[in-house]
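Here the structure comes first, spelled out in C-alpha cells, and everything after it is commentary.
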Amino acid sequence: MEALRWAAEIFWLVSGQLFGPAPFVGQCCRPGGAFAMTAADPEPSRAASYYAVRVLTLSGQRDDIPRQLPLWLASEMATPGQPATSDIDEMFYVLRALQQLEALNLLTPEVTLGLVDFIQRSRDADGGYAGMPGQPPDTEHTYCAICALSLLGHPLTDTECRGTAAWIRSRFDTPSGLVALTASDDTPSLAASYWGFRASELLDATVRPDRLGPDRLGTDRLGTDRLGAAVESLAKPDGGYGTQAHATLWESYCALQVLSKLSALRGGGQ
C-alpha cells in the first residue's frame, strides 16, 4: 500500500492527472472499513488506511472508500491522553485521513485537547518535537506535530513558531546541503529534507531565493539555494532520486516535492 501511495503521488506531481484504477487496494480492506498494508496482512493499520485514502483519491475512486472508515479512524484517537499507541507520526496519519474525509468533527473536544496536550508534551526545550514525550526531537516528528496541531485547531503561537523555526533552521546547516534528521545526525537524507522544508514552509520561515530578510516571525528566513542543488545532485538516470545507487519511490516523492515547491518560490508570488 505504501509503495502504491508514492507511485500515485508522483504520478499526480509530474502529470497533474489521476493515477487510474488502483490495483489490489480492495484486497487490503478489512472489516470495519480500515485497510491493511498488504493483502496478506490480517490486521489493519492507521498508516495503511491513510495511504488507501490517498490512493483512492488520486485514482478518482473516492466512492470506493468505505463509509465506516472515518468512524474507525476516530476510534483510534478516542482515549484522551493516549492519542495513538505509537507516536505523533501515526496520529498525523489519522488526522490527515479524517481531514480528507471531512470527518475531523468526529473527534470530541475532550479527545482533541488530549491530543494537543500529548503533542505539546513532546516538544523539546529548543523547539523540536519528538514522537512521544521524553524522546529526542527529530525533523520528521516536528513536521508531523506542526501539521497535527493545525488540523486540531491549535496552531503554534508566534513564540512557539520562533523557537521551532530556529530548531529547523539548524537542521539545514549540514555539509551535504540536505536537511538533517536530528541535531547529531547529518547523514544526507531526502526524507529529512522534505520534512524540514515542509515544516519551515508551514511556519512561514522558508526563504525565497529572490527575497532575503526577516519574515513575519522576526527570524531570518532559511536559505534554500544549497538545498535545491543538493537534491538535484541525487537524480538518477531513470528519472528517480535516491541517496544510494538506485532511486526509490519514497525518496523520489520527497525530492520532487521539494523541487516543485522551490520552483514555485522562484517563480515569484507571495
Side-chain angles (χ1 to χ4, degrees), residues 1-25 27-28 35 37-39 41 45 47-61 89 92-93 96-97 100 138-144 147 168 171-172 174-182 185-202 206 209 222-267:
M1 187 71 72
E2 184 176 19
L4 185 60
R5 185 259 170 117
W6 301 133
E9 296 277 11
I10 291 171
F11 189 81
W12 172 258
L13 270 173
V14 300
S15 71
Q17 298 178 7
L18 295 176
F19 185 61
F24 79 81
V25 176
Q27 300 173 36
C28 298
F35 291 83
M37 197 64 77
T38 72
D41 290 336
S45 75
S49 296
Y50 171 49
Y51 295 157
V53 169
R54 288 299 295 156
V55 169
L56 292 172
T57 298
L58 292 170
S59 301
Q61 297 173 265
D89 198 8
F92 171 62
Y93 289 142
R96 281 285 283 136
Q100 295 187 26
D138 62 69
T139 310
E140 176 185 7
H141 290 108
T142 298
Y143 164 64
C144 291
C147 292
I168 294 171
R171 306 287 80 75
F172 276 72
T174 63
S176 69
L178 296 175
V179 180
L181 182 64
T182 69
D185 182 4
D186 64 358
T187 303
S189 170
L190 285 168
S193 297
Y194 167 68
W195 292 319
F197 186 87
R198 285 290 289 126
S200 63
E201 184 180 45
L202 292 169
T206 304
L222 295 168
T224 53
D225 51 340
R226 294 178 65 237
L227 177 60
V231 172
E232 287 283 17
S233 72
L234 296 174
K236 305 301 180 186
D238 61 6
Y241 292 80
T243 53
Q244 303 301 316
H246 302 288
T248 66
L249 284 171
W250 163 233
E251 288 183 303
S252 297
Y253 170 76
C254 293
L256 290 168
Q257 279 279 20
V258 170
L259 293 175
S260 66
K261 291 179 181 298
L262 283 175
S263 177
L265 290 176
R266 294 188 181 100

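The backbone N or O of A180 lies less than 3.5 Å from a partner atom in the side chain of T139, making a donor-acceptor pair. Using modelled atom types, no side-chain atom of R54 and backbone atom of A8 make a donor-acceptor pair closer than 3.5 Å. Judged by distance alone, the side chain of K236 and the main-chain N or O of T248 form no donor-acceptor pair under 3.5 Å. In this structure, the side chain of S200 engages the main chain of G196 through a donor-acceptor pair within 3.5 Å. Proximity of a side-chain donor or acceptor of S193 to a complementary backbone N or O of V179 within less than 3.5 Å is detected. Put simply, the side chain of Q61 gets close to the backbone of A22: a donor and an acceptor are under 3.5 Å apart.
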Worksheet entry | Steps toward side-chain hydrogen bond (donor to acceptor under 3.5 Å, both in side chains) verdict (T38, D41) | CA-CA 5 Å; T38 72; D41 290 336; 3.2 Å; yes
Worksheet item: Between V55 and S59, is a side-chain contact (heavy atoms from CB on, under 4.5 Å) present by the stated rule, with each step listed?
Response: CA-CA 6 Å; V55 169; S59 301; 4.0 Å; yes
Fill in: Y241/V258 under side-chain contact (heavy atoms from CB on, under 4.5 Å): CA gap, chis, key distance, verdict
CA-CA 12 Å; Y241 292 80; V258 170; over 6 Å; no
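In terms of heavy-atom proximity, A48 sits nearest to M1 at O-CG, 3.8 Å. When every heavy atom of F172 is checked against every heavy atom of L227, the shortest pair comes out as CE2-CD2, 3.9 Å. When all heavy atoms of P188 and T243 are compared, the pair lying nearest together is O-CG2, 3.7 Å. What you find for A255 and V231 is that their closest heavy atoms are CB-CG1, 3.6 Å. Taking every heavy atom of both residues into account, L181 and E140 meet most closely at CD1-N, 4.0 Å. Shortest non-hydrogen contact noted between A247 and D238 is CB-OD1, 4.0 Å.
Using a 4.5 Å heavy-atom cutoff, the side chains of R5 and E2 are not in contact. L13 places none of its side-chain heavy atoms less than 4.5 Å from the side chain of E9. Inter-residue side-chain proximity for L178 and S189 is flagged as unmet; no heavy-atom pair is nearer than 4.5 Å. Two residues are said to be in side-chain contact when any heavy atoms from C-beta on lie closer than 4.5 Å; W195 and D138 fail this criterion. Counting heavy atoms from C-beta outward, L58 and F11 have side chains that stay 4.5 Å or more apart. A 4.5 Å side-chain heavy-atom check between R198 and Q257 finds every atom pair outside the cut-off.
W12 CH2 to T57 OG1: the interatomic distance, rounded to the nearest 0.5 Å, is 11.0 Å. Between the CZ atom of R171 and the OG1 atom of T142 there is a distance of 8.5 Å, given to the nearest 0.5 Å. Expressed to the nearest 0.5 Å, how far OG of S252 lies from CG of L234 amounts to 10.0 Å. Rounded to the nearest 0.5 Å, atoms CZ (F197) and CD1 (I168) are 11.5 Å apart. In this structure, OH in Y194 is found 3.5 Å from OH in Y253, a value given to the nearest 0.5 Å.
Between Y93 and Y51, the ring center distance clears the sub-6.0 Å criterion.
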